[in-house]
K.L.:
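I'd like to ask some things about the structure below.
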Amino acid sequence: MNTKTMEGLVGASTNIKNMDTPMRVFKDARRRGDISVMKRAMGYAADYAEEAYDYYDKAEKGMEEDAKEAREKARELQEKAIQKRKEEQAKLEEKLEKSKEADTVEVSEEGKILLKQNSEMEGTASGEGNLESKGEPVIYTKDGTVSTGVFTGETIDVVVSE
(Lines give C-alpha, C1' and ligand atoms only; values in the text may rest on other atoms or scores of the structure.)
Protein backbone atom coordinates (compact mmCIF):
# COMPACT_ATOMS: atom_id res chain seq x y z
CA MET A 1 0.00 0.00 0.00
CA ASN A 2 1.27 3.43 -0.94
CA THR A 3 2.24 5.91 1.81
CA LYS A 4 -0.19 8.48 0.43
CA THR A 5 -3.01 5.96 0.59
CA MET A 6 -2.30 5.06 4.21
CA GLU A 7 -1.89 8.68 5.24
CA GLY A 8 -5.12 9.63 3.48
CA LEU A 9 -7.16 6.84 5.07
CA VAL A 10 -5.81 7.46 8.57
CA GLY A 11 -6.24 11.24 8.25
CA ALA A 12 -9.83 10.94 6.99
CA SER A 13 -10.75 8.50 9.73
CA THR A 14 -9.20 10.67 12.45
CA ASN A 15 -10.96 13.82 11.24
CA ILE A 16 -14.33 12.05 11.07
CA LYS A 17 -13.86 10.84 14.66
CA ASN A 18 -12.76 14.33 15.77
CA MET A 19 -15.93 15.76 14.21
CA ASP A 20 -18.02 13.87 16.80
CA THR A 21 -17.01 16.23 19.65
CA PRO A 22 -18.19 19.53 18.06
CA MET A 23 -21.39 17.77 16.96
CA ARG A 24 -22.15 16.77 20.58
CA VAL A 25 -21.48 20.35 21.67
CA PHE A 26 -23.81 21.59 18.89
CA LYS A 27 -26.61 19.26 20.02
CA ASP A 28 -26.18 20.31 23.64
CA ALA A 29 -26.20 24.05 22.69
CA ARG A 30 -29.32 23.51 20.55
CA ARG A 31 -31.09 21.92 23.48
CA ARG A 32 -30.16 24.93 25.63
CA GLY A 33 -30.92 27.42 22.84
CA ASP A 34 -27.38 28.94 22.75
CA ILE A 35 -26.98 30.04 19.12
CA SER A 36 -23.43 31.44 19.40
CA VAL A 37 -22.12 28.10 20.76
CA MET A 38 -24.03 26.27 18.00
CA LYS A 39 -22.36 28.43 15.30
CA ARG A 40 -18.90 27.90 16.78
CA ALA A 41 -19.44 24.12 17.09
CA MET A 42 -20.67 23.90 13.49
CA GLY A 43 -17.56 25.85 12.36
CA TYR A 44 -15.30 23.28 14.03
CA ALA A 45 -17.32 20.40 12.62
CA ALA A 46 -17.14 21.91 9.12
CA ASP A 47 -13.34 22.31 9.45
CA TYR A 48 -12.95 18.67 10.44
CA ALA A 49 -15.22 17.55 7.60
CA GLU A 50 -13.23 19.63 5.09
CA GLU A 51 -9.95 18.12 6.31
CA ALA A 52 -11.49 14.66 6.10
CA TYR A 53 -12.38 15.29 2.42
CA ASP A 54 -8.84 16.58 1.76
CA TYR A 55 -7.40 13.38 3.23
CA TYR A 56 -9.94 11.36 1.24
CA ASP A 57 -8.65 12.99 -1.97
CA LYS A 58 -5.09 12.18 -0.90
CA ALA A 59 -6.07 8.54 -0.36
CA GLU A 60 -7.67 8.40 -3.83
CA LYS A 61 -4.50 9.78 -5.44
CA GLY A 62 -2.46 7.21 -3.55
CA MET A 63 -4.74 4.40 -4.73
CA GLU A 64 -4.41 5.64 -8.34
CA GLU A 65 -0.62 5.55 -7.98
CA ASP A 66 -0.86 2.04 -6.53
CA ALA A 67 -2.99 0.93 -9.47
CA LYS A 68 -0.57 2.53 -11.93
CA GLU A 69 2.40 0.79 -10.31
CA ALA A 70 0.52 -2.51 -10.36
CA ARG A 71 -0.26 -2.08 -14.08
CA GLU A 72 3.37 -1.26 -14.84
CA LYS A 73 4.55 -4.27 -12.86
CA ALA A 74 2.06 -6.51 -14.64
CA ARG A 75 3.17 -5.09 -18.00
CA GLU A 76 6.83 -5.77 -17.13
CA LEU A 77 6.00 -9.32 -16.09
CA GLN A 78 4.04 -9.83 -19.29
CA GLU A 79 6.92 -8.47 -21.40
CA LYS A 80 9.35 -10.76 -19.60
CA ALA A 81 7.05 -13.71 -20.21
CA ILE A 82 6.76 -12.79 -23.90
CA GLN A 83 10.55 -12.44 -24.18
CA LYS A 84 11.06 -15.78 -22.45
CA ARG A 85 8.53 -17.42 -24.76
CA LYS A 86 10.31 -15.95 -27.82
CA GLU A 87 13.65 -17.26 -26.56
CA GLU A 88 12.15 -20.70 -25.97
CA GLN A 89 10.63 -20.63 -29.46
CA ALA A 90 13.98 -19.66 -30.97
CA LYS A 91 15.69 -22.51 -29.10
CA LEU A 92 13.04 -24.94 -30.30
CA GLU A 93 13.44 -23.74 -33.87
CA GLU A 94 17.23 -24.12 -33.61
CA LYS A 95 16.79 -27.61 -32.23
CA LEU A 96 14.35 -28.42 -35.02
CA GLU A 97 16.76 -27.09 -37.65
CA LYS A 98 19.60 -29.13 -36.18
CA SER A 99 17.46 -32.25 -36.20
CA LYS A 100 16.53 -31.63 -39.84
CA GLU A 101 20.12 -31.23 -40.94
CA ALA A 102 21.39 -34.18 -42.91
CA ASP A 103 24.77 -35.00 -44.28
CA THR A 104 24.92 -35.50 -48.01
CA VAL A 105 27.33 -37.72 -49.83
CA GLU A 106 27.88 -37.61 -53.52
CA VAL A 107 29.03 -40.69 -55.33
CA SER A 108 32.28 -40.14 -57.20
CA GLU A 109 32.71 -41.01 -60.85
CA GLU A 110 34.72 -44.10 -59.87
CA GLY A 111 31.94 -45.20 -57.55
CA LYS A 112 29.36 -44.70 -60.29
CA ILE A 113 31.41 -46.81 -62.65
CA LEU A 114 31.78 -49.56 -60.04
CA LEU A 115 28.06 -49.47 -59.29
CA LYS A 116 27.27 -49.68 -62.98
CA GLN A 117 29.59 -52.63 -63.37
CA ASN A 118 28.08 -54.41 -60.34
CA SER A 119 24.54 -53.85 -61.54
CA GLU A 120 25.44 -55.11 -65.01
CA MET A 121 27.08 -58.17 -63.49
CA GLU A 122 23.92 -58.94 -61.49
CA GLY A 123 21.93 -58.64 -64.65
CA THR A 124 19.44 -55.99 -63.64
CA ALA A 125 17.97 -54.95 -66.90
CA SER A 126 15.54 -52.44 -65.44
CA GLY A 127 18.29 -50.28 -63.99
CA GLU A 128 16.66 -50.20 -60.55
CA GLY A 129 19.28 -49.42 -57.95
CA ASN A 130 21.45 -47.69 -60.51
CA LEU A 131 22.59 -44.46 -58.85
CA GLU A 132 24.03 -43.05 -62.04
CA SER A 133 20.65 -43.13 -63.75
CA LYS A 134 19.07 -40.91 -61.11
CA GLY A 135 22.08 -38.65 -60.56
CA GLU A 136 21.00 -37.63 -57.02
CA PRO A 137 23.01 -37.79 -53.75
CA VAL A 138 22.55 -40.35 -50.99
CA ILE A 139 21.51 -38.75 -47.68
CA TYR A 140 22.83 -40.01 -44.33
CA THR A 141 20.84 -38.88 -41.32
CA LYS A 142 22.15 -38.39 -37.77
CA ASP A 143 20.61 -41.60 -36.48
CA GLY A 144 22.64 -43.62 -38.97
CA THR A 145 20.01 -44.29 -41.61
CA VAL A 146 20.46 -43.82 -45.32
CA SER A 147 17.59 -42.19 -47.09
CA THR A 148 17.08 -43.98 -50.36
CA GLY A 149 13.72 -42.40 -51.02
CA VAL A 150 15.30 -40.78 -54.06
CA PHE A 151 15.76 -44.19 -55.59
CA THR A 152 13.07 -46.51 -54.20
CA GLY A 153 10.91 -44.38 -51.95
CA GLU A 154 11.95 -46.28 -48.79
CA THR A 155 14.40 -45.74 -45.93
CA ILE A 156 16.87 -48.51 -45.16
CA ASP A 157 18.60 -48.72 -41.78
CA VAL A 158 22.37 -49.09 -41.96
CA VAL A 159 25.21 -48.57 -39.52
CA VAL A 160 27.42 -45.66 -40.46
CA SER A 161 31.02 -45.97 -39.29
CA GLU A 162 33.03 -42.86 -38.75
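Being a predicted model, the structure only gives us computed values, none of them experimental.
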K.L.:
Hey, could you give me the CG/CG distance between D47 and N18, rounded to the nearest 0.5 Å?
P.N.:
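One finds 11.5 Å between CG of D47 and CG of N18.
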
K.L.:
Got a second to check how far E51's CD is from D54's CG, nearest 0.5 Å?
P.N.:
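If I round to the nearest 0.5 Å, the distance is 7.0 Å.
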
K.L.:
Could you give the distance from CD (Q89) to CG (L92), rounded to the nearest 0.5 Å?
P.N.:
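Between atom CD of Q89 and atom CG of L92 there are 6.0 Å.
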
K.L.:
Please report the closest heavy-atom contact between A12 and A52, naming both atoms and the distance.
P.N.:
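It is CB-O, 3.7 Å.
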
K.L.:
Counting only heavy atoms not in R85 (residues, nucleotides, ligands), do more than 12 fall under 6.0 Å from its CZ?
P.N.:
no

K.L.:
Tell me which pairs pass side-chain hydrogen bond (donor to acceptor under 3.5 Å, both in side chains) where either residue lies in residues 19-29, with sequence neighbours left out.
P.N.:
T21-R24, D28-R31

K.L.:
Give, for atom OG1 of T5 and atom CD of E65, the distance between the pair rounded to the nearest 0.5 Å.
P.N.:
7.5 Å

K.L.:
With the 4.5 Å side-chain cut-off for hydrophobic clustering, are M38 and Y48 part of the same group?
P.N.:
yes

K.L.:
When you compare the side chain of K68 with that of E72, does any pair of heavy atoms fall below 4.5 Å?
P.N.:
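Yes, their side chains come closer than 4.5 Å.
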
K.L.:
State, yes or no, whether a side-chain contact exists between R30 and I35 at a heavy-atom distance under 4.5 Å.
P.N.:
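Contact flag for R30/I35 side chains = no.
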
K.L.:
Can you tell me how far the CG atom of D66 sits from the CE atom of M6, to the nearest 0.5 Å?
P.N.:
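Answer for the CG-CE pair, D66 versus M6, is 9.5 Å.
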
K.L.:
For E7 and N2: C-alpha separation, side-chain torsions, deciding distance, then whether side-chain contact (heavy atoms from CB on, under 4.5 Å) applies.
P.N.:
CA-CA 9 Å; E7 184 180 340; N2 193 332; over 6 Å; no

K.L.:
Could you list the residues that satisfy side-chain contact (heavy atoms from CB on, under 4.5 Å) with S13, not counting sequence neighbours?
P.N.:
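So S13 forms a side-chain contact (heavy atoms from CB on, under 4.5 Å) with K17.
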
K.L.:
Working to the nearest 0.5 Å, report the span between CD of E64 and NZ of K4.
P.N.:
10.0 Å

K.L.:
Out of the candidates K86, K91, K84, only one should pair with E88 under the side-chain contact (heavy atoms from CB on, under 4.5 Å) rule; please name it.
P.N.:
K84

K.L.:
Side chains of Y56 and E60: donor-acceptor distance under 3.5 Å anywhere?
P.N.:
yes

K.L.:
Do D34 side-chain atoms and A29 backbone N/O form a donor-acceptor pair below 3.5 Å?
P.N.:
no

K.L.:
If you look at every heavy atom in A49 and M19, which pair is closest and at what distance?
P.N.:
CB-SD, 3.6 Å

K.L.:
Do Y55 and N15 come close enough that some side-chain heavy atom pair is under 4.5 Å?
P.N.:
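In short, these two side chains touch, coming nearer than 4.5 Å.
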
K.L.:
What pairs with M42 under side-chain contact (heavy atoms from CB on, under 4.5 Å), at least two apart in sequence or on another chain?
P.N.:
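Only M23, F26 meet the side-chain contact (heavy atoms from CB on, under 4.5 Å) criterion with M42.
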
